[in-house]
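Notes for the one structure printed next.
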There are 2 protein chains.
Amino acid sequence: MSSYQRSCLIRGDGGRAIRGILDRIGDKWTLLVVATLDGDRMRFTELQRRIPGISQRMLTRTLRHLERDGLVEREVFAEVPPRVEYSLTDTGATLIGPAVTLAEWAIEQNPTIERSQGEYDARRGGRD
Amino acid sequence: MSSYQRSCLIRGDGGRAIRGILDRIGDKWTLLVVATLDGDRMRFTELQRRIPGISQRMLTRTLRHLERDGLVEREVFAEVPPRVEYSLTDTGATLIGPAVTLAEWAIEQNPTIERSQGEYDARRGGRD
DNA sequence: CTGCATCCGCAAGGATACTG
DNA sequence: CAGTATCCTTGCGGATGCAG
């Protein structure tokens, strides 16, 4: 199947499918949280420790969204002090593959892209 | 290679690689523009016609970003009225694969995800 | 035809303080 | 420990008008 025909999957219904997934994972922290949970069950603080720079607020929000989408499972233990553990669901685990594919592309193309950016900026001489 | 080991590509350097690519393609129009240009060289108006809902401003911005990243080539013809044609570069074409992979995931998992959302919202009874 | 300039609303995301 | 509440800044993206 040619790339041309496959790209119809993106344009598909006016881009609703791709828009949906980007709304879901295109934000600042979602993919990082998913990748961090990959293979490990983990509690809130541990998660925050492993994701440098994320605030409590954003970690909470990101986890709630993922839970709502059924990609992450949240388990509360009735203890004092409270303990909450997060893990990927089976559905959530299936996201790793496509995400890694994208990351590989990013890593591979990054030098080329940065060089292009440099040339572009040089051409426009720092205006803008 | 297990998914666990591969997911290190995402967390990698604190997520800079994945962050970079999402900043690049995670916005509202970029992937749609790339998919629309896949296999076709095309001028500005034609592009806008094929992407329902995009404004002139956003199409221009998106194309400039893509040009700066070296994913799209912009060719100006010295004519009156002016004619400008856009096409994917070789680098830009390599983005189609990973993007399609993601779209396929979205299409496949969408029913599951929407069901989960419905259940989640029902559980919380419309509060929030 | 192909843009750029301007204004504006909105939502994402950060900082901080507080709570069960 | 695991959040919630509040405030604030920033930048995306839409609408409109003007220009080469």
Side-chain angles (χ1 to χ4, degrees), chain A residues 14-15 18-33 36-37 41-69 72-87 120 123-125 127-128, chain B residues 14-16 18-20 22-33 36-37 41-69 72-87 120 124 127-128:
Chain A
I18 207 69
R19 195 81 54 82
I21 198 206
L22 287 181
D23 289 345
R24 196 167 289 126
I25 66 156
D27 68 350
K28 194 167 179 182
W29 300 108
T30 294
L31 273 189
L32 240 41
V33 170
T36 303
L37 282 175
R41 149 178 303 264
M42 199 175 308
R43 45 202 301 200
F44 189 88
T45 309
E46 175 67 7
L47 211 35
Q48 189 175 19
R49 197 184 59 73
R50 292 209 203 180
I51 306 177
I54 195 171
S55 65
Q56 263 184 355
R57 173 184 141 90
M58 288 317 294
L59 181 53
T60 302
R61 286 174 63 104
T62 304
L63 287 168
R64 287 296 167 282
H65 289 326
L66 285 168
E67 188 193 356
R68 188 172 107 97
D69 291 341
V72 155
E73 192 193 348
R74 176 173 182 264
E75 191 172 359
V76 184
F77 297 85
E79 302 175 4
V80 180
R83 179 160 59 104
V84 181
E85 287 187 357
Y86 293 93
S87 56
Y120 182 94
R123 226 176 302 142
R124 322 202 85 234
R127 290 167 272 147
D128 307 330
Chain B
R16 243 185 251 168
I18 207 69
R19 194 83 53 80
L22 287 180
D23 288 346
R24 196 167 288 126
I25 66 156
D27 67 350
K28 195 167 177 183
W29 301 108
T30 294
L31 273 189
L32 278 177
V33 170
T36 303
L37 282 175
R41 147 178 304 263
M42 196 175 311
R43 47 202 297 199
F44 188 89
T45 308
E46 175 67 6
L47 212 35
Q48 189 175 20
R49 197 184 59 75
R50 292 209 202 180
I51 305 176
I54 195 171
S55 66
Q56 266 184 355
R57 173 184 142 89
M58 288 317 295
L59 181 53
T60 301
R61 284 173 64 104
T62 304
L63 287 167
R64 286 298 166 281
H65 290 325
L66 285 168
E67 188 193 357
R68 188 174 107 95
D69 291 339
V72 156
E73 192 193 348
R74 177 173 182 263
E75 192 172 359
V76 185
F77 296 86
E79 304 175 2
V80 180
R83 178 162 59 104
V84 180
E85 286 187 356
Y86 293 92
S87 56
Y120 183 94
R124 324 203 84 235
R127 289 167 272 146
D128 306 332

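Keep in mind that what you see is a predicted model, and the values were worked out from it rather than measured. Sequence lines set the chain letters: A, B, ... in the order given, protein chains first and strands last, and positions in each chain run from 1.
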Per-nucleotide protein contact along nucleotides 7-16 of chain D, 5' to 3', at a 4.0 Å heavy-atom cut-off (B base, S sugar-phosphate only, - neither), is -----SBBB-
Separation of [N] [atom2] from [X] [atom1] (nearest whole Å):
{"X": "L47(B)", "N": "dC1(C)", "atom1": "CG", "atom2": "P", "answer": "14 Å"}
{"X": "R83(A)", "N": "dG3(D)", "atom1": "CZ", "atom2": "P", "answer": "13 Å"}
{"X": "L59(A)", "N": "dC1(D)", "atom1": "CG", "atom2": "C1'", "answer": "13 Å"}
{"X": "F77(B)", "N": "dG3(C)", "atom1": "CZ", "atom2": "P", "answer": "13 Å"}
{"X": "Q48(A)", "N": "dA2(D)", "atom1": "CD", "atom2": "C1'", "answer": "10 Å"}
{"X": "F44(A)", "N": "dG20(C)", "atom1": "CZ", "atom2": "C1'", "answer": "15 Å"}

Would you say [N] has OP1 or OP2 under 4.0 Å from some side-chain N or O of [X]?
{"X": "R74(A)", "N": "dG3(D)", "answer": "yes"}
{"X": "Y86(A)", "N": "dG3(D)", "answer": "yes"}
{"X": "T60(B)", "N": "dG3(C)", "answer": "no"}

Ranking dG3(C), dT4(D), dT2(C) by distance to the side chain of R64(A), first place goes to dT4(D)
R43(B) has its side chain closest, among dG3(D), dC1(C), dG3(C), to dC1(C)
NZ or CZ of R19(A) within 45° of W29(B) ring axis and under 6.0 Å = yes
Over 12 foreign heavy atoms within 6.0 Å of CZ, R41(B):
yes
